Amino acid sequence: MGLGILCLLLTFFLDSQPLHVRFWTNFLQNTVFFTGIAFITLFIYAAFITSWAGWYTQFKRVMEAMTMFLVPGLVLLLVVIAGLWLGWHELYHWASAEEVAKDQVLLGKSGFLNKGWYTLGTLVIVGIWIFFAMRLRSLSLAEDQNGGVDFAHHRKMRIFAAAFLPVAGFSSAAIIWQWTMSIDAHWYSTLYAWYTGASWFIAANATLILLLIYLKSKGYYQGVNEEHLQDLGKYLFAISIFWTYLWFSQYMLIWYANIGEETTYFQTRMHDYPVLFYGNLVMNFILPFFILMRNDTKRKYGTLVFVCVLVILGHWVDFFQMIKPGALDTAIHAAGAHGGETISGAGGHGDHGAFHMGFTIPGLLDLGAMLGFAALFIFVVFSRLEKVALEPTNDPYMAESVHHHV
Amino acid sequence: MDTAQKEVLFGLYDDEEVLLDAVRKAKGDHLEIMDVFTPFPVHGLDPALGLEESRLHIAGFIYGAIGTLFAFGFMTWVFTRDWPIIFGGKPYWSVPAFIPITFELTVLFSAIGMTVTFFTICGMWPGVNNPTLDDRITDDKFCIAFNTNGQSKTEVDRLKSFFKETGASEVNTKVI
Amino acid sequence: MSAVVSPIREPLIEGGKSYHQISEDLCSPTERTPSLAWVAAFMVAVTFLALYVFCVTWTIWQGIGTWNLNRTIGWGWDITNFVWWIGIGHAGTLISAILLLFRQRWRTGVNRAAEAMTIFAVMCAGQFPLIHMGRLWLGFFIFPYPNTRGPLWVNFNSPLLWDVFAISTYFTVSLLFWYSGLVPDLATIRDRSKGMRRKIYSFFAFGWTGRAKHWQRFESLALVLAGLSTPLVLSVHTIVSFDFATSVIPGWHTTIFPPYFVAGAVFSGFAMVQTLMVMTRKVLKLEQYITLNHIDSMNKIILVTGTIVGVAYLTELFIAWYSGYIYEQFAFYNRVMGPYFWSYIGMMGCNVISPQLFWSKKIRRSLFWTFFMSIFVNIGMWFERFVIIATTLARDYLPSSWSYYVPTWVEIGLFLGTLGLFFTLFLIFVRVAPVVAVAEVKQILKVAGDQYAGKHSHQPSAHSETHH
């Protein structure tokens with residue numbers, strides 16, 4: 001798997017555009033996407049603990065292992081940060097001092113959109129996430145060893161989980177603004193952070209289902225049955241609708257009020273990136289909605305795997321369309337400013353409907369990059385998982401989880 | 001339910017688990033249960049009785065779909081054919097603005113349709129007085145009822161001994 | 001039921017109840033003569049209801065001029081009250097529907113009362129847009145019916161019309177959900193009563209017998225209605241938020257409004273449930289069904305939603321600065337530092353800061369604090385709507401039209417009057433129907449009764465003990 005990543009990244013590097021826009025946007029997109037999956041898994045885990053859910057207990061180790069991707073995620077983000085300081089990429093419009101100086105709007109935002117805050121914010125916030133992930137995991141593992149009838153470990157986990165929820169609420173919003181919303185540096189939307197969070201949620205949920213089905217096929221987790229999967233499928237269904245609700249709220253309000261500063265975001269995407277714009281809705285709402293509406297589809301492995309792969313791809317495309325248009329614009333600007341070579345794909349703004357691999361539609365290389373990151377993610381999860389007992393022993397909810405009925 | 005008078009032999013149980021065992025035994029003994037009455041939905045009773053899954057939710061889906069089509073179609077007709085109005089510089093056929101009402105009517109049609117269907121197929125309406133076997137069935141008794149119309153004494157005795165064996169606390173007859 | 005229950009879970013039904021005892025405890029409040037406390041409360045509520053009727057009559061007779069709305073501030077207490085009541089009307093459906101999805105068993109203790117509360121709150125909310133029209137007798141204009149004016153249809157593209165559909169749908173579906181759930185419990189009361197009383201309850205119990213097939217359909221209906229209600233409850237406050245957010249008024253037009261309104265609605269709804277439940281459990285002696293665990297869980301939801309609302313407030317403030325748009329920045333400066341700064345403090349203090357006290361388990365389980373805080377949150381959420389509506393309108397683009405607004409006695413009377421309407425309906429409800437869902441409580445007895453769950457539970461072999 002590791003080899004796969006290396007190959008893909010290398011090929012990719014050689015093939016990329018001047019300024020490596022395609023490479024860096026892919027790098028950022030996948031980093032944010034998979035780190036977000038790890039983060040939101042931690043959030044879901046904390047929410048389960050706080051709400052005394054119980055039924056997930058059998059496979060909580062998988063969730064814990066997923067949160068461990070936060071560590072490599074931070075490393076990957078450090079690469080983005082290094083690039084920011086050393087000028088390896090032109091991902092962010094606000095990162096260029098000359099651009100900011102002649103731009104009133106960016107100047108106003110420079111108190112928040114600057115390299116210092118970006119670095120500090122990423123380090124502190126992801127650091128806090130890692131702290132909570134480590135803490136919950138180690139408490140959970142310690143419970144296996146010496147958990148008693150007073151459930152001291154579990155009670156302690158409850159405290160950490162409850163404390164994490166508001167921390168996660170505030171910090172994720174702040175960092176999403178930095179990571180992705182600031183790519184379209186002029187544009188803003190108050191809903192953006194929650195929308196992104198919902199997108200992560202579905203991707204994490206689907207990843208969890210896929211991992212469980214895979215592990216089951218390898219003979220592990222025989223106690224996890226259709227009942228658990230149906231519940232996870234129900235979440236997938238419900239959160240997909242919730243995501244659509246957020247998508248619609250954001251889109252409709254901007255469409256309705258029709259203020260130029262805001263509509264530009266959707267204008268660009270609808271007219272220059274139609275495949276992404278409509279594909280996003282088809283993959284993340286229409287198909288999962290109609291497939292998961294029936295009860296039995298959530299209990300059949302085949303359909304469930306299909307839907308999970310579909311929505312992971314769908315939400316990956318969602319991040320693709322969040323990042324690419326803005327970054328491409330910035331790159332065109334930067335190329336113009338440096339008097340450098342023209343960027344292929346830049347002409348796309350003149351002729352509507354022309355497709356440019358890697359920007360208006362994901363090409364093989366972009367999918368390859370995604371597979372590479374996914375492989376890294378899976379590698380991290382399995383390497384964390386193989387070191388521990390797959391099923392917890394002293395968790396007070398274990399028996400409930402084994403006897404779970406919908 | 002058919003209107004003809006029925007002679008019913010019924011046993012009352014005190015606990016749903018005892019009832020479930022009794023139902024399973026009755027199925028095993030090929031006794032034809034007329035009905036089971038309980039104070040609350042008992043988990044596992046439907047498969048024990050061999051009841052088919054309710055198709056009410058499918059009806060709900062159909063009603064909902066009718067609501068969707070009706071709402072969307074109607075607004076489309078009004079704003080593209082009957083009386084087009086420009087508002088806020090938007091096109092006549094402005095789909096995003098139709099979605100809230102379409103959604104509401106989908107839910108409304110589905111909910112009303114399902115509830116009406118539910119009460120109708122259960123034979124329940126305001127003022128309807130379906131005969132009950134025992135007043136305590138809505139309190140704390142779990143009841144298995146057999147139709148003994150035209151059954152011989154040995155058959156009835158067999159049912160009575162069934163009740164005794166399975167732990168019914170009371171056995172009664174009633175004509176409904 | 002032989003469900004496995006974790007030893008760490010606390011029981012939700014106390015007092016070692018049997019099925020019969022549950023029917024007895026939950027149905028008897030409708031059977032005995034009302035207590036003095038109930039009579040006193042009812043008289044107060046009816047007095048306020050009378051005030052309401054008077055103020056509505058006054059408004060309609062004299063005209064909207066009896067209110068202090070002006071050209072700048074066209075929406076004042078009326079719409080504030082409307083949004084506040086609608087928000088309160090969200091908890092019932094949330095408890096029944098969303099907590100079902102999250103498998104929270106504790107919802108059975110409070111869902112029936114919360115659903116009733118929902119219906120009454122929506123009834124109160126619905127009053128305001130109607131009165132606010134001024135010419136109430138033309139209220140039917142809001143419905144799309146073939147008319148002699150063309151027919152000129154209502155504007156289906158207007159968020160105000162979406163409101164009409166959203167609220168009437170919500171009211172209808174909540175009513176169906178609540179009533180269909182109530183039918184088996186009404187049958188329980190029917191079978192306990194005699195004479196005239198039995199005739200009346202027979203009428204309302206629809207001839208329920210408790211057949212296995214009917215229960216199966218009943219559960220299927222409840223599940224689908226819950227599934228429909230979940231997005232519905234989201235849509236209602238979302239559409240209310242669209243009333244503001246589709247505009248181009250700074251402070252109103254912001255994309256976070258839909259989910260943030262929903263979170264606020266849940267927040268205030270739970271606060272109102274707490275206010276009612278703390279009183280109801282005391283007066284009707286239902287402490288063993290609405291336990292401290294229920295109160296604790298609801299306080300946790302108040303804490304969570306209060307914090308979500310807090311995230312939204314700060315997001316709005318931050319993005320206002322971030323937008324770099326002076327009108328947006330001014331709108332928020334005005335909220336915090338303008339002439340209505342006190343309402344912003346009230347909102348922040350009651351909604352975000354004070355609920356943080358609920359981090360303490362002791363406070364979460366204290367009835368005094370719960371009651372006190374629930375009132376606080378109700379006030380805070382009222383302020384939130386006032387901040388959004390009146391504060392924003394008072395300072396628009398044109399400084400020459402800036403204004404300040406204080407309500408008249410009529411507007412205050414209308415607000416207090418709807419409280420009277422709400423409590424009158426609720427007090428009648430506790431007299432005629434079981435406040436706690438009887439069948440549902442029986443259904444969870446064997447997993448949540450204190451003889452089966454928690455520290456003091458007996459071994460499973462002790463099942464037979466429950467019978468008399």
Side-chain angles (χ1 to χ4, degrees), chain A residues 50-55 57 104-109 111-113 149 151 154-155 162-163 165-166 169-170 173-174 177 186 188-195 231 234-235 238 241-242 245-246 248-254 256-259 261-262 395-405, chain C residues 1-10 98-99 101-106 157 159 227 230-231 234-235 238 241-242 245-249 252-260 262 297 300-301 303-304 306-308 310-312 314-316 318-326 328-329 356 359:
Chain A
T50 316
S51 66
W52 309 351
W55 60 275
T57 305
Q104 202 59 42
V105 179
L106 289 187
L107 209 56
K109 294 181 186 190
F112 178 66
L113 296 186
V149 282
F151 308 120
H154 189 81
R155 287 177 205 280
L165 294 177
F170 283 100
W177 294 332
H186 282 208
Y188 58 88
S189 164
T190 38
L191 190 56
Y192 192 89
W194 293 2
Y195 170 79
D231 258 11
K234 233 186 262 174
Y235 276 94
I241 294 176
F242 184 69
Y245 159 70
L246 294 180
F248 175 72
S249 298
Q250 184 165 276
Y251 174 77
M252 200 281 287
L253 287 176
I254 288 174
Y256 203 109
N258 208 5
I259 298 172
E261 284 87 343
E262 296 178 344
D395 190 294
Y397 291 111
M398 189 57 191
E400 252 183 43
S401 177
V402 173
H403 294 94
H404 179 61
H405 287 287
Chain C
M1 270 149 272
S2 48
V4 177
V5 183
S6 162
I8 200 169
R9 284 192 198 276
E10 309 269 347
I98 298 180
L99 296 185
L101 189 72
F102 283 96
R103 317 190 159 277
Q104 301 292 310
R105 267 191 203 114
W106 57 266
N157 297 312
T230 309
L234 256 72
S235 81
T238 295
S241 85
F242 286 167
T246 49
S247 71
V248 288
I249 297 179
W252 281 9
H253 174 66
T254 173
T255 49
I256 207 172
F257 255 30
Y260 142 58
V262 173
S297 302
K300 279 183 191 161
I301 296 207
L303 176 60
V304 170
T307 312
I308 295 178
V311 173
L314 295 184
T315 301
E316 274 191 325
F318 176 80
I319 297 284
W321 169 80
Y322 178 86
S323 70
Y325 180 47
I326 52 165
E328 192 78 26
Q329 290 172 342
Q356 303 303 324
W359 282 100

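To find a chain, count down the sequence lines: A is the first, B the second, and so on, and within it residues start at 1. Every heavy atom of this structure was used, including side-chain atoms; hydrogens, water molecules and symmetry mates were not. Everything quoted here is computed from the prediction, not taken from an experiment.
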Is there a side-chain contact between [X] and [Y] (heavy atoms, below 4.5 Å)?
X	Y	answer
C/Thr307	A/Phe170	yes
C/Tyr325	A/Ile259	no
A/Tyr245	C/Pro259	yes
A/Leu191	C/Tyr260	no

* Asked: Among A/Met252, A/Gln104, A/Gln250, who wins on heavy-atom pairs under 4.5 Å with chain C?
  -> A/Met252
* Name the option with the most non-hydrogen atom pairs under 4.5 Å to chain C; the candidates are A/Tyr251, A/Tyr192, A/Tyr188. => A/Tyr188
* Check whether C/Ile301 gets within reach of chain A through its side chain, its backbone, both or neither, counting any heavy atom under 4.5 Å. => neither
* To do: Heavy-atom distances under 4.5 Å only: say whether C/Thr315 touches chain A with side chain, backbone, both or neither.
  => both
For the residue pair [X] and [Y], what are the closest heavy atoms and their distance?
X	Y	value
C/Asn157	A/Tyr256	O-OH, 2.6 Å
A/Gly108	C/Trp321	O-CZ2, 3.3 Å
C/Thr238	A/Ser249	CG2-OG, 4.4 Å

Pairs of heavy atoms under 4.5 Å with chain A: top-ranked of [options]:
options	value
C/Pro159, C/Pro258, C/Gly324, C/Ala312	C/Pro258
C/Thr254, C/Leu234, C/Thr246, C/Val304	C/Thr246
C/Ser323, C/Ala245, C/Pro231	C/Ser323

Between [X] and chain C, with a heavy-atom cut-off of 4.5 Å, which part of the residue counts as in contact: side chain, backbone, both or neither?
X	value
A/Phe242	side chain
A/Glu262	side chain
A/Leu106	neither
A/Ala163	backbone
A/Leu107	neither

* Taking only residues two or more places apart in sequence, or in another chain, which ones meet A/Trp177 in a ring-ring contact (aromatic ring centres under 6.0 Å, His included)? -> C/Phe318
Straight-line distance of [X] [atom1] to [Y] [atom2], nearest 0.5 Å:
X	Y	atom1	atom2	result
C/Ile319	A/Ser189	CD1	OG	7.5 Å
C/Glu328	A/Thr190	CD	OG1	8.0 Å
C/His253	A/Ile254	NE2	CD1	6.0 Å

* Please lay out, stage by stage, how C/Tyr322 and A/Leu113 fare under the test side-chain contact (heavy atoms from CB on, under 4.5 Å). => CA-CA 9 Å; C/Tyr322 178 86; A/Leu113 296 186; 3.5 Å; yes
* To do: Walk me through it: do A/Trp194 and C/Ile308 pass the test side-chain contact (heavy atoms from CB on, under 4.5 Å)?
  => CA-CA 11 Å; A/Trp194 293 2; C/Ile308 295 178; 3.8 Å; yes
